[in-house]
Amino acid sequence: MGAILAFAAAGTVAWSGRPMVIPIPWAIPFGSLSFGVDRLSAFFLFPIAMVGGLGAVYAGGYLRRSSGVQAPRFFWFFYSIFFAFLLLVVTARNGLLFLMAWEGRSLASFFLVMVEHREPTVRSAGWTYLIAAHLGTACLLALFILLGDRNPTQDFEGFGVSGREGIRSLLFLLALIGFGVKAGMVPWHVWLPEAHPAAPSPVSAVMSGVMIKTGIYGLLRIMMFLGEPTLWPAWWGWTLVGLGALSGVGGVLLALAQKDLKRLLAYSSVENIGVISLGLGLWLCGVRVGNPAMAALGLWGALLHVWNHAVFKSLLFMSAGAVAHATGTRSLDRLGGLIHGMPFTSLAFFAGSVSLCGLPPFNGFISELLLYGSALAGILQPEGLRRIPVLAVGALGLMGGLALACFATAFGIGFLGQARSEEAAQAHEVSFLIAVPMGVAAVVCLGIGLMSPLAVAFTSFAAFDLMPILPGVIRVGGWEIPALFQRILVANVALCVMLVVLMAARRILLLHRRVEESSTWDCGYAAPTARMQYTASSFIWDILAMARVLRPRVKECRPLGLFPRSARLGTEEQDIFQRLFYNRLWRGIERCSDRLRRLQEGRNQIYVLYLALTVLALLLWKLGFSQ
Amino acid sequence: MFDILKARLKQKYRTLSYPKGPPPPLPARFAGRPVIGGRPCDTRCRRCADACPVGALQREEGQFPTLDTGKCLFCRECPGVCPTGAISFTREFRLAASSRERLTVTADSQGIPPVRHEIAATIFRRSLKLRQVSAGGCNACEADTNVLTTLAWDIGRFGIQFVASPRHADGLLITGPVTRNMQLALKKPTTRYRLRNS
Amino acid sequence: MNPPILCSLRNGETAVCSQESGVSFEQFRTLLGKGIEAGHRLSALFVVPDDSFDGARLVAVLARPMSGDLQMIGCAVGSSYPALTPGIPAAHWFEREIFEQWGIRPEGHPWLKPIRFQPPRSRSGGRPSLLLPTVGVTEFFRVEGEDVHEVAVGPVHAGVIEPGHFRFQCHGETVYHLEISLGYQHRGIERAVGEGNSPRMRHYIETLAGDSTIGHATAYCRVLEGLAGVRPSPRAEAVRMIAAELERLANHIGDLGAMAGDVGFLPAASYCGRIRGDVLNLTAELCGNRFGRGLIVPGGTGFDLDQTLESELKRRLDDIEADALSAIEQLFETPSVLARFDGVGEVSESLARQIGLVGVAGRASGLPCDVRSEFPYGFYQFVHVPVCTWGTGDCLARALVRRMEIQQSFAAIRALLQSLPADRSPPAVMTLAPRRWVASLTEGWRGEICHVAATDDEGQLAFYKVVDPSFHNWFGLACAMRDQLISDFPLCNKSFNLSYCGHDL
Amino acid sequence: MTPAFSFVSFGLAITLSPLLLGVIQKTKAFFAGREGAPLMQPYFDFVKLFRKGGVYSRTTSWVFWAGPIANLAAALLSLTFVPLGRIPAPAAFPGDVFMVAYSLSLGRFLMVLAALDTGSAFEGMGASREVRFSLLAEPVFFVSVLTLAVVTQGASLSEIYGTLPRHMVHQGISTIWLAGGAVALVLLVENARIPVDDPTTHLELTMIHEAMVLDHGGIDIGFVQYGAALKLWMFSALVAGAFFPFSSARPFLEVMGGIGGVFAVAVAVGIVESSMARLRLIRVPQLILLAGVLALMALLWAAR
């Protein structure tokens, strides 16, 4: 627990040091490794410290009662390391150090995922995660080698424009893939829904809340080295918007298909990463076409969303963990009715859901509004690249609707209605230690929503290195940003006031009337059961039916004949990317390895032959080369 | 659109002017509210009571018979057998009553009983939503209840409407004698209405 | 009053009670199976308690359209017998009824559940093995799996309709299976009617299914007339036919309106609803009651037409026909309506034959089943009404069949009004012959109505059996909903428009 | 134009929106050939509902009554951003259309949850349909409003609609009407009108909006219906603004014209409801996609 306080302190230090760029050179035996906190780092440090701290408090309560985690010490050890490396990643000012921190964090989180390693699904999730992390790191390695081409120290200060557009584009692509894997962007997201649910809930909260954001951090950091922003080619922007839209819509559609609460949350992280990259894409487009409003709002929206997502996603993971803890199941179709047994957790999950859906007056709304503002600015410009913001608006609108559907399922099926299983009916409220971090996170969610002008100001400050522009300068439709957000603040407050007024009005109107209790209207049927409620799968089935390829596989045994004996139906969600791409890839690799295995005949003569052939080939190559 | 208008012109405006105007013409063979004692009656004769298939006609010795319109089928057996014509069916169609006893027609009954309910007259005067529950009828009540919402009768114009859920309703319309199998189902929507045994 | 072992009767003809115990069960089963295979219909299957031995008699009434007669087969059974349903699905509902009423178990019946939740009959041949369950609580067929949800509709429905319980097994909007559980309207009419000549008899029959008053009352009167050997006057028969066709008109027009209402097509819905009322008012002109109560009495009719009423009817019928046909035309000319009806709730011809659909639903699936032409009775022997069929078996087909029948009914009524027979003899007095069996079929607007009755040694009614067309067709509705969208159920239900009270009795 | 008129128009919206429902009913009654409910019927209903007590299911929680409240609050909030004809809304800022859509979404989210809170299959069914159709309608709404924004170069709804009549003359009507048509289709989807939902068939299995509130009674259903009336007013104002350009020098006439437009839309809705059948539920997404195609065509044309 001591560690937590230290981390929180570190966060606070970063916070107070935010106005200045403070490079702190710090010599470490093998070279010039240095730390530093600039505005961007500070911006990322803060949620890391906060979520990490909350996660630790939560873990304190979680581990006390959980029988799932066999080795609390093991957990704490890796949690601390993980946390330290997370901080290191955003404070490292040197390529090598950065990579080491990056790798160390991956390993630590791998061990955390594997905490409950007795379960085979957890083991396979852990390995998937490790492989994905290393494939990403491979790209990063190449990236840093290229970046540090003329910079033997690998210090960030030395990185810089490496001239030609081709090289820069290559760097951009490498960064996009390398960091994209970590962030969980769509084609490379497959590890994420495996690893996050497998980890203990405090770890999922940190992983989903902040760890994947380091991918965004990395990408932004690298963007700083890619030269004059106005020279960036337009396709970077498109690519990011496209990837963002793909991740967003794809992620939320896949999230919809989930019946496991934590997997659902994991996929929704993919969606939120999509939102963030969409914002970054709008930024790039805005920069390219010289539309400062579009660029700034896009970047700020993306950055603010990093924060917001960190808070509400950790909140959601913590409440999901509390549910799993209390009921022993994460399957939505076995939950239900939790709002009676776990009122606080339900409220927390509700707050998280509203934030995640981007609904006023919570924080998600503010960042999404910034992105919409950016797109609006893009559409209203007289010419150039107007189709991109249209795509962005369409995608954001669709994501909003889908996220709403998704969290209506998660909260509505999981927490409301009648308990669908005995476990859910017996659910009990969480302990104080678990409740506190959830409460804090929920308050922060609402706080950011209600203090939107401040949040925007802060975000713009954090983005100053990337985009030296201040809110007061940006105008959308003749409005300055601070004035705009004051108006939004007023609207949000008005909404809250109206809610309170209406609630009071309802109370007063009911004061002298008869209010009675009864059962839900069941058409007068004698024996209603909990099965007569929509299931999660039924609730979203026809939405998924519209997106045919993403539809889960149905395993059914239909009622046949006039008097069917038995019938069964189940669905099995499947990740389209996994199915269409990765599974084929793995099968291909397997097939290749199979072929290679044929070389291993186990006979000495053959191996001798191989040796001879190799030597021969080497000789030939050497000869050819020297000539 | 054009066809719709044409059809509309062909079908004309059909809502009855009743209750503001005159009631619609009743069929010549319509049997309405019975009247007892229009003519003298042989107080020892029991033919009417014996002819009644449902026992709606009660006959105390030495008095005019009484007819319970809550049971009566309006089959018109009784006026057919009455030697003096003391029982007859009028063309009065207003048969409602606000209590079970008022449904019984005696020789003293004068005119139609007044139907009035205080709450109905104040709160539900302009807006009354009803939930219909059918309990053991023969579906004729339902059929004619549905007729009330058609063009001709159009009870919607009085603010009366049939709604889908008892929660939306201000009152229940129960049709049929209530079968044993409907007992429970009828109790469920009536959290706020006590069932009266009839 | 033992039923005949094996005999064939014309519609409404009587047969003398037999003294023997009947054919063997094997023969019974073979006869039934072969008959169904040859295209006959199982009109009724029931049990008659028998005091002469410890058991009961299983009686089937087979309607044989090819030869135009009814075959009655009886056999003795004990407290159980091998179920017929696996081979003859049309017996499904009947055997459940037998089990529920008498406790005689059809062994190997796939779905032996209560259908009316009624107490077992006291004079049951077998032991009443059914404890009286709570209504609607039974083992519904379940599609297993956590993804599946159930939708339980009823007994109290959202619309102004009768009570019944529908249990859907759904995933998303798709219905995987529907099971229908009725019995809420069970009033015990059949039993009350079977207990002798009460003065309430006719009224019971008239309110058996309020919208089919004419159909059931005609079947009942024909039962009595058959037993008494009385023939109503031709004029009375003609008036009965007018009433029957008016009933058909009113209900068909109302159903088309209700179907239009279910798909939200307001013009046709409002016009048809109103026109239905106008047709009912014609019936009220005949007898003072919109549903025709008191019109059909044993031996004739309770009311007659005079010259002014005749011309009044003709005049009003012309108006109604013009209005109705224009409203219906509008319904069928609106593409959005057709798109909505088309392909919803299909029942194939073979399925319809298998489960023994009758009436509009059967004809919409292509079965030429119509008692009026197969087993003509009353004035239908002289005025022929063409059978209207359609082959697709969906909601559109059921709507189209109704439209054709509306046209035919208008024509038939007009033809009748043109040439009403003149002779007016009052209803004759009924004296029922003792120890007789009779089966009477009529075509109500929903379909085939079957009444079977027997008299005892004193010439009192000792047994009465009613089969409403709904009894055959409810299972068809359940089958029609497989793999349909649940939002189409109300439409599909309305297109069958089956009777709850007629089924529950 | 003085802000006073904005507030006047807002006040009119709040008071007159139930009348809109009455107008639709009357129009339908005219086409059916019946007298129909009085124009003021919705007001009578509200007065009665607000005087009733309540029955609450034991399965429900605070979410159940919070739904209608949030829905009404969201509708009121969004209404403050919706102009009436050329009269600007009481509040406006660039991108306020997103505020409108998202606060409506908040109301919808809570209503869906309130429906699921009852644990009834009917309400689940309604909720499932509601989210399914609205998630498609939302982007369509955005795209069509953005089209109008491109045409008028306005960033807020008030700016867009304030200059729309002028642009209608300059830019040709086709784009604006295409976008307006898309908004009109969204209106039908969002407000539970035929051909999407049928507010008069009280059949649980086919309804969308009403199925969601089967268990709400008394004040709660009153809030729901009032929220629905406000929402209808809002969308009618947006459609009317696009279809009936009305500008006058006198603000008073502007207000009257705006209100006339709104009621004209209500009559049009009544006519649509009287002349066609509902779609099968699986066809509804196709209708929304049609609206989307309309909107996109308009946008591409405007931003060519």
Side-chain angles (χ1 to χ4, degrees), chain A residues 336-337 339-340 354 357-360 365 369 372-373 376 379-380 386 390 393-394 397-398 400-402 404-405 408 411-413 416-418 476-477 479 484 487-488 491 494-495 498-499 502-503 506 509-510 513-522 530 532-534 538-540 542-543 546, chain D residues 50 52-61 63 65 69-70 72-74 76-77 91 93-95 98-99 101-103 105-106 108-109 112-113 116-121 124-125 127-128 131-132 134-136 138-139 142-143 146 149-150 153-156 159 214-215 218-219 223 285 299 303:
Chain A
I339 196 160
H340 300 292
V354 177
C357 294
L359 300 176
F365 175 62
L369 201 61
Y372 278 117
L376 184 68
I379 291 170
L380 286 181
R386 285 201 289 196
V390 169
V393 168
L398 202 57
L402 286 167
L404 193 139
F411 187 67
I413 307 284
L416 303 179
Q418 273 183 38
V476 181
W479 286 59
L484 184 66
R487 195 46 87 78
I488 290 164
L495 182 64
M498 266 192 287
L499 285 174
L502 283 174
M503 258 183 245
R506 177 175 169 279
L509 281 171
L510 280 182
R513 313 256 173 240
R514 257 169 63 180
V515 175
E516 286 168 48
E517 276 207 333
S518 157
S519 58
T520 300
W521 174 233
D522 47 12
M532 293 171 196
Q533 300 182 81
Y534 254 57
S538 273
F539 192 78
I540 47 84
D542 291 84
I543 298 176
M546 292 193 286
Chain D
F50 289 135
K52 279 184 75 177
V55 181
Y56 293 90
S57 160
R58 279 178 285 273
T59 317
T60 58
S61 61
V63 176
W65 52 260
I69 287 179
L72 182 54
L76 280 169
L77 179 68
F93 61 80
F98 302 111
M99 181 92 206
Y102 270 72
S103 62
S105 285
L106 174 76
R108 179 180 306 129
F109 187 60
V112 164
L113 292 182
L116 289 172
D117 197 20
T118 61
S120 141
M125 200 181 289
S128 164
V131 294
R132 180 165 8 129
S134 62
L135 79 88
L136 289 177
E138 196 164 79
F142 285 162
V143 171
L146 284 182
V150 169
Q153 284 295 307
S156 70
E159 279 170 40
L214 273 180
D215 233 53
I219 294 170
F223 282 165
L299 184 55

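Letters A, B, ... mirror the listed sequences (proteins, then strands); counts begin at 1. Values in this document were obtained by computation on a predicted structure and should not be read as measured data. Values reported hereafter were calculated over all heavy atoms of this structure, with side chains retained and with hydrogens, waters and symmetry mates removed.
For a residue to count as touching a neighbouring chain, one of its non-hydrogen atoms must lie under 4.5 Å from one of that chain's; by this rule A:Val390 touches chain D with the side chain only. Within the 4.5 angstrom heavy-atom criterion, atoms from both the backbone and the side chain of A:Leu402 approach chain D. Using a 4.5 Å cut-off between heavy atoms, A:Ile339 touches chain D through its side chain atoms alone. For a residue to count as touching a neighbouring chain, one of its non-hydrogen atoms must lie under 4.5 Å from one of that chain's; by this rule A:Met503 touches chain D with backbone and side chain alike. With a 4.5 angstrom heavy-atom cutoff, D:Thr118 touches chain A via backbone and side-chain atoms both. At a 4.5 Å heavy-atom cutoff, the contact between A:Phe365 and chain D is made by side-chain atoms alone. Of the two parts of D:Ser156, neither the backbone nor the side chain holds a non-hydrogen atom closer than 4.5 Å to a non-hydrogen atom of chain A. For a residue to count as touching a neighbouring chain, one of its non-hydrogen atoms must lie under 4.5 Å from one of that chain's; by this rule D:Ala101 does not touch chain A.
Annotation: the span from A:Phe411 atom CZ to D:Leu116 atom CG amounts to 10.0 Å, rounded to 0.5 Å. In this structure, D:Ile69 CD1 and A:Arg506 CZ are separated by 5.5 Å, a value rounded to the nearest 0.5 Å. The line from CZ of A:Arg513 to CD1 of D:Ile219 is 7.5 Å long, rounded to the nearest 0.5 Å. Atom-to-atom distance recorded for A:Leu495:CG and D:Met99:CE is 6.5 Å, nearest 0.5 angstrom.
The choice from A:Ile379, A:Leu509, A:Val393 that makes the most heavy-atom pairs within less than 4.5 Å of chain D is A:Leu509. Between chain A and the options D:Val131, D:Thr60, D:Leu72, D:Leu106, heavy-atom pairs under 4.5 Å are most frequent for D:Leu106.
Closest approach of A:Leu380 to D:Gln153, counting heavy atoms only: O-OE1, 2.9 Å. Scanning all heavy atoms of the two residues, the minimum distance from A:Ser538 to D:Ser128 falls at O-OG, 4.3 Å. Of all heavy-atom pairs spanning A:Ala491 and D:Leu77, the tightest one is O-CD1, 3.7 Å. Minimum heavy-atom separation, A:His340 to D:Thr59: NE2-O, 2.8 Å. Pairing each heavy atom of A:Leu502 with each of D:Ala73, the nearest pair is CD1-N, 3.7 Å. The shortest non-hydrogen separation linking D:Tyr102 to A:Pro360 is O-CD, 3.5 Å.
A distance-only check finds no donor-acceptor pair linking the side chain of A:Thr520 to the backbone of D:Ser57 [under 3.5 Å].
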Worksheet item: Run the side chain to side chain contact (heavy atoms under 4.5 Å, CB included) check on A:Leu510 and D:Trp65 step by step: do they pass?
Response: CA-CA 12 Å; A:Leu510 280 182; D:Trp65 52 260; over 6 Å; no
Fill in: From CA spacing to verdict: side chain to side chain contact (heavy atoms under 4.5 Å, CB included), D:Leu135, A:Leu404
CA-CA 8 Å; D:Leu135 79 88; A:Leu404 193 139; over 6 Å; no
Worksheet item: Is there a side chain to side chain contact (heavy atoms under 4.5 Å, CB included) between A:Met532 and D:Ser120 once you walk through the steps?
Response: CA-CA 7 Å; A:Met532 293 171 196; D:Ser120 141; over 6 Å; no
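Contacts of D:Ser105 classified as side chain to side chain donor-acceptor pair (under 3.5 Å), with partners at least two apart in sequence or in another chain: D:Glu138. With sequence neighbours left out, the salt bridge (charged side-chain N to carboxylate O under 4.0 Å, His left out) criterion links D:Asp215 to B:Arg167.
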